Amino acid sequence: MEENQKFIVNGKRIDGRKIDELRPIKIEAGVLKRSDGSCYLEMGNNKIIAAVYGPRALHPRHLQDPNKAVIRYRYNMAPFSVEERKRPGPDRRSVEISKVSREAFEPVVIKELFPRSSIDIFIEVLQADAGTRVAGLNAASVALADAGVPMKGMVTAVAVGKVDDHIVLDLFKDEDNYGQADIPIAMFIRDGKIEGITLLQMDGQITKDELKEAIKLAKKGCLEIYRLQKEALFKRCRGEDFVE
Ligand code: CDP
């Protein structure tokens with residue numbers, strides 16, 4: 001990004017999108033042989049793999065909950081996924097993202113059906129271009145459904161933000177790095193209806209009204225992504241295209 005370059009010119013963003021437009025999304029369910037459920041997802045230049053194992057017996061036993069399953073979520077960035085090589089292994093950022101991502105699924109997965117079990121979700125970021133935590137959540141949701149894990153609905157997520165004083169949908173790298181605010185949001189969607197927000201983080205400064213506008217825009221984006229998640233699952237289940 002050049003110095004003094006504007007983010008929005010004639011209603012178009014640097015990458016040619018409108019302010020309320022998502023990046024191109026590609027979702028494929030059931031891409032891995034050894035996991036119970038899996039998903040490959042692209043959201044713009046993000047490339048993500050999600051693998052789900054379980055519900056399965058949780059070891060060591062002292063970690064078990066006698067009343068419900070324990071969800072474990074590991075978000076990991078490949079060293080080659082970013083411009084400047086990322087040191088392999090967990091760091092503060094990935095520990096935080098893993099925690100909030102797990103929490104985004106807690107109210108949606110029907111854990112009570114599987115006491116003493118674990119449901120393990122692994123996210124591998126192969127290529128990153130901003131919004132990897134939300135792309136990871138979208139992939140995780142499809143992988144959980146692919147694994148047959150009972151859920152009350154889907155988790156669908158997108159980042160919204162502020163650039164050049166405009167609220168925009170689905171930030172890409174330059175907007176995330178040099179914009180005024182970045183707000184990843186995850187929604188719990190059941191039968192096409194938004195039931196609640198299960199993750200909301202914010203980096204930057206916006207007003208209360210702007211936040212309301214941002215959430216409204218995120219809802220629109222999430223409903224579009226939800227449709228693509230469902231489409232991928234239908235394709236996987238029946239080997240046929242999704243017809244609403
Ligand atoms: O990816 P997400 O927007 O959820 O998280 P972030 O912490 O806001 O990171 C934004 C972007 O910065 C990532 O998607 C990567 O493209 C980039 N990044 C990087 O280049 N090197 C890192 N060690 C971490 C993030």
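Keep in mind that this is a model prediction, so the values were computed, not measured. Just so you know, ligand 1 is whichever comes first in the structure, and atom 1 is the first atom listed for that ligand.
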P184: heavy atom below 4.0 Å from ligand 1, yes or no? no
What's the shortest distance from [atom] to any protein heavy atom, and which residue and atom give it?
| atom | result |
| --- | --- |
| atom 7 (O) of ligand 1 | R93 NE, 2.7 Å |
| atom 21 (N) of ligand 1 | V82 CG1, 3.5 Å |
| atom 17 (C) of ligand 1 | K173 CE, 3.4 Å |
| atom 14 (O) of ligand 1 | A130 N, 2.8 Å |

Only heavy atoms of D182, strictly under 4.0 Å: list the atoms of ligand 1 that pass. 8 (O)
Please confirm whether [X] comes within less than 3.5 Å of ligand 1 when only nitrogen or oxygen atoms on both sides are compared.
| X | value |
| --- | --- |
| R133 | yes |
| N177 | no |
| M77 | no |
| G131 | yes |
| T132 | yes |

S38 to D146 - nearest heavy-atom pair and separation: N-OD2, 2.9 Å
Considering only heavy atoms, does [X] approach ligand 1 within less than 4.0 Å through its side chain, its backbone, both, or neither?
| X | value |
| --- | --- |
| D129 | backbone |
| E84 | neither |
| D176 | side chain |

Judged on heavy-atom distance to atom 23 (N) of ligand 1, which of E83, K86, R85, R87 sits nearest? K86
Of the listed options G136, S101, A128, S94, closest to atom 15 (C) of ligand 1 (non-hydrogen atoms): A128
When clusters are formed by joining ILVMFWY residues with side-chain heavy atoms under 4.5 Å apart, either directly or through shared neighbours, do L200 and I167 land in the same one? yes
Donor-acceptor contacts, no H, no angles, side chain residues 49-61, under 3.5 Å, sequence neighbours left out:
residue : atom : partner : partner atom : Å
R56     : NE   : D120    : OD2          : 3.0
R56     : NH2  : D120    : OD2          : 2.8

What distance do M154 atom CE and Y226 atom OH have between them, rounded to the nearest 0.5 Å? 7.5 Å
Is R190 paired with E195 through a side-chain N to carboxylate O contact shorter than 4.0 Å? yes
Sequence neighbours excluded, every pair satisfying salt bridge (Lys or Arg N to Asp or Glu O under 4.0 Å) that has a member inside residues 40-53: none
Side chains of Q229 and T156 only: does a donor on one sit below 3.5 Å from an acceptor on the other? yes
Please determine, by modelled atom types, if D165 and Q180 share a side-chain donor-acceptor pair under 3.5 angstrom. yes
What residue among Q205, K162, H166 forms side chain to side chain donor-acceptor pair (under 3.5 Å) with E210? K162
For D65 and K68: C-alpha separation, side-chain torsions, deciding distance, then whether salt bridge (charged side-chain N to carboxylate O under 4.0 Å, His left out) applies. CA-CA 6 Å; D65 183 326; K68 54 185 186 298; 3.0 Å; yes
